[in-house]
Asks: 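Let me give you the structure first, and then I'll get to my questions.
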Amino acid sequence: MPFTQQQSPLYEVKAGLFKGLSHPFRIRILELLASAPELSVAVLQDETGLEASHLSQHLAVLRRHRLVSSERRASHVYYRLAEPRVADLLAIARALLLEMLRSDGARLADADGLPELPGAPR
């Protein structure tokens, strides 16, 4: 069943949230911010190893999708999670990922017990 015109903007916002999460460096930035009340751009740059321009682009995406907020103090800019539940979302995503990997690992272990096939790579 298609969604209504009233629901469409909500799905767009939700899709935007996932777009904001759709890059490994953005996930790393969010995990760093989840571990501290706030971090300066300099600390984020040191921790991620990103060039300043690339870090700035990733932070802009995170701001646009309302995942982080920033505050300028003197010549430094500090970032924090815009909403504490972003940290919960990251924790749930990690738990889900670990469960998926465990289940894949169990499947791989089961596959190791299959009889060999002629000509199959070892």
Side-chain angles (χ1 to χ4, degrees):
M1 176 165 87
F3 48 85
T4 67
Q5 282 189 321
Q6 289 98 347
Q7 293 170 328
S8 182
L10 296 174
Y11 283 107
E12 289 173 15
V13 170
K14 192 180 224 181
L17 169 70
F18 288 106
K19 283 180 188 176
L21 297 168
S22 68
H23 194 282
F25 277 113
R26 291 197 288 269
I27 297 292
R28 178 68 179 134
I29 291 165
L30 291 171
E31 288 180 344
L32 289 167
L33 292 172
S35 69
E38 65 181 13
L39 294 173
S40 69
V41 170
V43 170
L44 290 171
Q45 189 173 4
D46 287 344
E47 291 292 327
T48 60
L50 288 169
E51 293 180 22
S53 61
H54 291 142
L55 177 60
S56 178
Q57 290 171 2
H58 286 299
L59 289 169
V61 170
L62 292 170
R63 275 193 319 273
R64 183 170 50 250
H65 294 293
R66 300 181 195 160
L67 292 163
V68 299
S69 59
S70 63
E71 180 181 339
R72 178 176 290 281
R73 285 186 236 135
S75 62
H76 299 283
V77 178
Y78 293 85
Y79 280 85
R80 70 186 64 78
L81 295 179
E83 164 65 49
R85 288 182 286 185
V86 172
D88 298 337
L89 178 63
L90 293 169
I92 290 167
R94 180 174 285 189
L96 177 62
L97 173 64
L98 291 174
E99 185 56 37
M100 293 166 83
L101 292 174
R102 274 189 214 98
S103 120
D104 286 348
R107 286 188 202 126
L108 287 173
D110 290 344
D112 286 341
L114 293 172
E116 286 190 37
L117 295 173
R122 294 182 179 211

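In this chain, residues are counted from 1 in sequence order. Keep in mind that what you see is a predicted model, and the values were worked out from it rather than measured.
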Asks: Can you list the steps and then say if L21 with L89 is a side-chain contact (heavy atoms from CB on, under 4.5 Å)?
Replies: CA-CA 10 Å; L21 297 168; L89 178 63; 3.8 Å; yes
Asks: What I'd like to find out is whether the side chain of L55 reaches to under 4.5 Å of the side chain of I29, using heavy atoms alone.
Replies: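 Contact flag for L55/I29 side chains = yes.
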Asks: Are side-chain heavy atoms of L32 and T48 found at a separation under 4.5 Å?
Replies: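 Sidechains of T48 and L32: in contact.
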Asks: So L96 and M100, side-chain contact (heavy atoms from CB on, under 4.5 Å) or not? Walk me through it.
Replies: CA-CA 6 Å; L96 177 62; M100 293 166 83; 4.0 Å; yes
Asks: Ignoring hydrogens, what is the shortest heavy-atom contact between L81 and A34? Give both atom names and the distance.
Replies: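 Shortest heavy-atom contact: CD1-CA, 3.7 Å.
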Asks: Less than 4.5 Å apart, side chain to side chain, heavy atoms only: is that true for V61 and H65?
Replies: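 Yes. Closest side-chain heavy atoms under 4.5 Å.
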Asks: Taking the side chain as C-beta and beyond, is there a heavy-atom pair between L62 and L33 under 4.5 Å?
Replies: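 No - every pair of side-chain heavy atoms lies 4.5 Å or more apart.
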Asks: Quick one, R63 and L59 - any side-chain contact, counting heavy atoms below 4.5 Å?
Replies: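 A side-chain contact exists here, since the closest heavy-atom pair is under 4.5 Å.
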Asks: Do F18 and L67 belong together in a cluster built from hydrophobic side chains that touch within less than 4.5 Å?
Replies: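 Yes, one cluster joins them.
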Asks: H23: what forms a ring pair (Phe, Tyr, Trp, His ring centres under 6.0 Å) with it, not counting sequence neighbours?
Replies: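 Testing H23 for ring pair (Phe, Tyr, Trp, His ring centres under 6.0 Å), a comparison that skips the adjacent residues, returns F25, H58.
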Asks: How many angstroms lie between atom OG of S70 and atom OH of Y78, to the nearest 0.5 angstrom?
Replies: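 That separation rounds to 12.5 Å.
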Asks: Can you tell me how far the CD atom of E31 sits from the CG atom of L90, to the nearest 0.5 Å?
Replies: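 It is 6.0 Å, given to the nearest 0.5 Å.
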Asks: Between S22 and K19, is there a donor-acceptor pair closer than 3.5 Å when you use the side chain of the first and the backbone of the second?
Replies: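 Yes, S22 side chain to K19 backbone: donor-acceptor pair under 3.5 Å.
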Asks: Can you give me the closest heavy-atom contact between L39 and V43, atom names plus distance?
Replies: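 Looking at all heavy atoms of both residues, the closest pair is CD2-CG1, 3.9 Å.
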Asks: Output every pair passing salt bridge (charged side-chain N to carboxylate O under 4.0 Å, His left out) with a member in residues 64-79, not counting sequence neighbours, ordered by first then second residue.
Replies: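 Qualifying pairs: E38-R73, E71-R73, E71-R80.
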